[in-house]
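Encoded as structure tokens, the structure appears first; notes follow it.
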Amino acid sequence: MMNLQNNTLAPHETLEVHELLRSELTCLKKLQANMSIVQDNELKQFMNEAMNSKQRSIEQLQQFIASGSAMNNGGMR
């Protein structure tokens, strides 16, 4: 649980944030890798939207980590 007094995460929460970031990166890479073999335009549009969403999530997680919230209290980099 986040410590509201000093805005730090517990070590297990820090690990969860990093795991979430790795998961989002993996999904984005898979979407990018499969984009070239997709023929259906509607599916390509959906995949593009999914990639944009993943990219925004990745950027937000990276900003959160860079802000130090996930680095304090024994967190990893």
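- To the nearest 0.5 Å, atom NE2 of residue H18 and atom CD of residue E16 are 11.5 Å apart.
- A pairwise comparison of heavy atoms in L31 and M47 identifies O-CE, 3.6 Å as the closest pair.
- At distances below 3.5 Å, at least one donor-acceptor pair connects side-chain atoms of T26 with backbone N or O atoms of R22.
- Shown here are the side-chain contact (heavy atoms from CB on, under 4.5 Å) partners of N48, two or more places apart in sequence or in another chain: M35, M51.
- Applying the side chain to side chain donor-acceptor pair (under 3.5 Å) definition to pairs two or more places apart or across chains, those involving residues 28-47 are Q45-E49.
- Partners of E59 by side-chain contact (heavy atoms from CB on, under 4.5 Å), not counting sequence neighbours, listed by chain and number: Q55.
- To the nearest 0.5 angstrom, L61 atom CG is 6.0 Å from I65 atom CD1.
- With rounding to the nearest 0.5 Å, the separation of OG in S23 from CG in L28 is 11.0 Å.
- Between atom CG of residue L25 and atom CG of residue L20 there is a gap of 9.5 Å, rounded to the nearest 0.5 Å.
- Taking the side chain as every heavy atom from C-beta outward, L9 and F64 approach each other to under 4.5 Å.
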